[in-house]
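Working notes, structure below.
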2 protein chains.
Amino acid sequence: MDTKERILATARELFHGRSYADVGIKEICSMANVQKGSFYHFFQSKQDLAMAVIDDMSDDWANGFVAEAFDDALPPMERLDYMVDAVYFWQKAAKSLEGRMPGCLFGNLALEVSTRDEVIRARLNAIFDKASGRFHQALEQAIEQGEIPPLDTKATATAMLAYLEGVILLAKTRNDPDVVRNLGPAIKSIRIERKH
Amino acid sequence: MDTKERILATARELFHGRSYADVGIKEICSMANVQKGSFYHFFQSKQDLAMAVIDDMSDDWANGFVAEAFDDALPPMERLDYMVDAVYFWQKAAKSLEGRMPGCLFGNLALEVSTRDEVIRARLNAIFDKASGRFHQALEQAIEQGEIPPLDTKATATAMLAYLEGVILLAKTRNDPDVVRNLGPAIKSIRIERKH
DNA sequence: TCAGTATATTAGACCGGTCGGTCAAGTCAA
DNA sequence: TTGACTTGACCGACCGGTCTAATATACTGA
């Protein structure tokens, strides 16, 4: 594992487990066994690192269980349950490892830095758009296959993403992953009707 | 307006508009025209200030439009729309004043500091519990009055609060209060059935 | 009413520590 | 010999918090 990857992985872990402002470059470096000069050889700034961390996590998600959850082979509405389950097990594992529920890195960063850093905010926004696109596709297929009655798929998809983020927020505040398991499945009840 | 109130009001504005870590005591003092010595006469620490700000905002909410929204005179399910509207107009006003959507102070703080500060986390958790209690009461009455079919009122109430927080999170990330207006009303579609 | 005193509040210099970031000198493989 | 990478000392700015001295304000007994 080369230096840059080590920095990235460490930063991701620390940012996720605590917060952006709370984690210093010095701490990242010492935990990754890297000197400061090396750090600034690979990253221009802390902001640059944050962007790289966001992209890194986003890629992992897209190729990881998000890809599994939104597999076309699964019945569309079951994909939502799969997604909720994945979040639950992930948060539960993280809590049992570190004692605290880290929540969603994207949601955490969004609320922490989006009033201060326009570049990061825009990137996070794009990631949410992409995520809501997955929900959108699932909803389109669910309607197509007669699994649910027609509705405003775009709006409902975004609402579902919002709900998932909200559930994670509340679960993190309670420090209890079970909140995700208890409230998560209700994501399927959210409906925004078509305008006519 | 005495010194302590000035500190409190300024801190609240800054914490809400930016973040906890990003706002220093020095900045709060200079904006409130207070010296550091005075600050530490009234507050033991920055954490102490945060707690006071949280309580202050919580009281304002409880006696402000939350009290209006959850007025017993309103039909229960209409209270939810009232609440969503209030959030929308508030965020819109804040954005037109400062250019940025601040989101929900409690949600912001929850994601920023709850992994780091157990005391603040617990307080925020209590506030969320109280808020979900309002939803709960509205749902109980809605069922009682035949406005909606029976459901798990406790779980649904919490789910609705989660949804509201999630919508605000997404709106803040988009920096667009209209997200609240567009997605907010779907809060009424959320249902968690009774266990039997 | 007043002197005297205790207490609440203000003032701002000061503290050690940490922050993000820079830099010149070095190592090492191609 | 070149260019990628590493080392770690160093920078000014800022952080939360402390401290002592000055100044209002409130309360006291005569």
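Letters A, B, ... mirror the listed sequences (proteins, then strands); counts begin at 1.
Here the P atom of nucleotide D:dG17 and the CG atom of B:Leu49 are 10 Å apart, to the nearest Å.
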Q: Show your working on side chain to side chain contact (heavy atoms under 4.5 Å, CB included) between B:Leu164 and B:Val180 and close with a plain yes or no.
A: CA-CA 8 Å; B:Leu164 190 58; B:Val180 175; 5.5 Å; no

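Relative to the ring axis of B:Phe43, B:Lys4 places its NZ or CZ within 45° and under 6.0 Å from the centre.
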Q: Indicate for each nucleotide in nucleotides 5-22 of chain C, in 5' to 3' sequence, whether protein heavy atoms under 4.0 Å reach the base (B), only the sugar-phosphate (S), or nothing (-).
A: ---SBBBB-------BBB

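Inspection of the A:Ser19 and B:Glu112 side chains reveals no N or O donor paired with an N or O acceptor under 3.5 Å.
Using cut-offs of 30° and 60° for the angle between ring planes, the A:Phe15 and A:Tyr20 rings count as tilted.
The shortest distance between side-chain heavy atoms of B:Ile120 and B:Gln47 falls below 4.5 Å.
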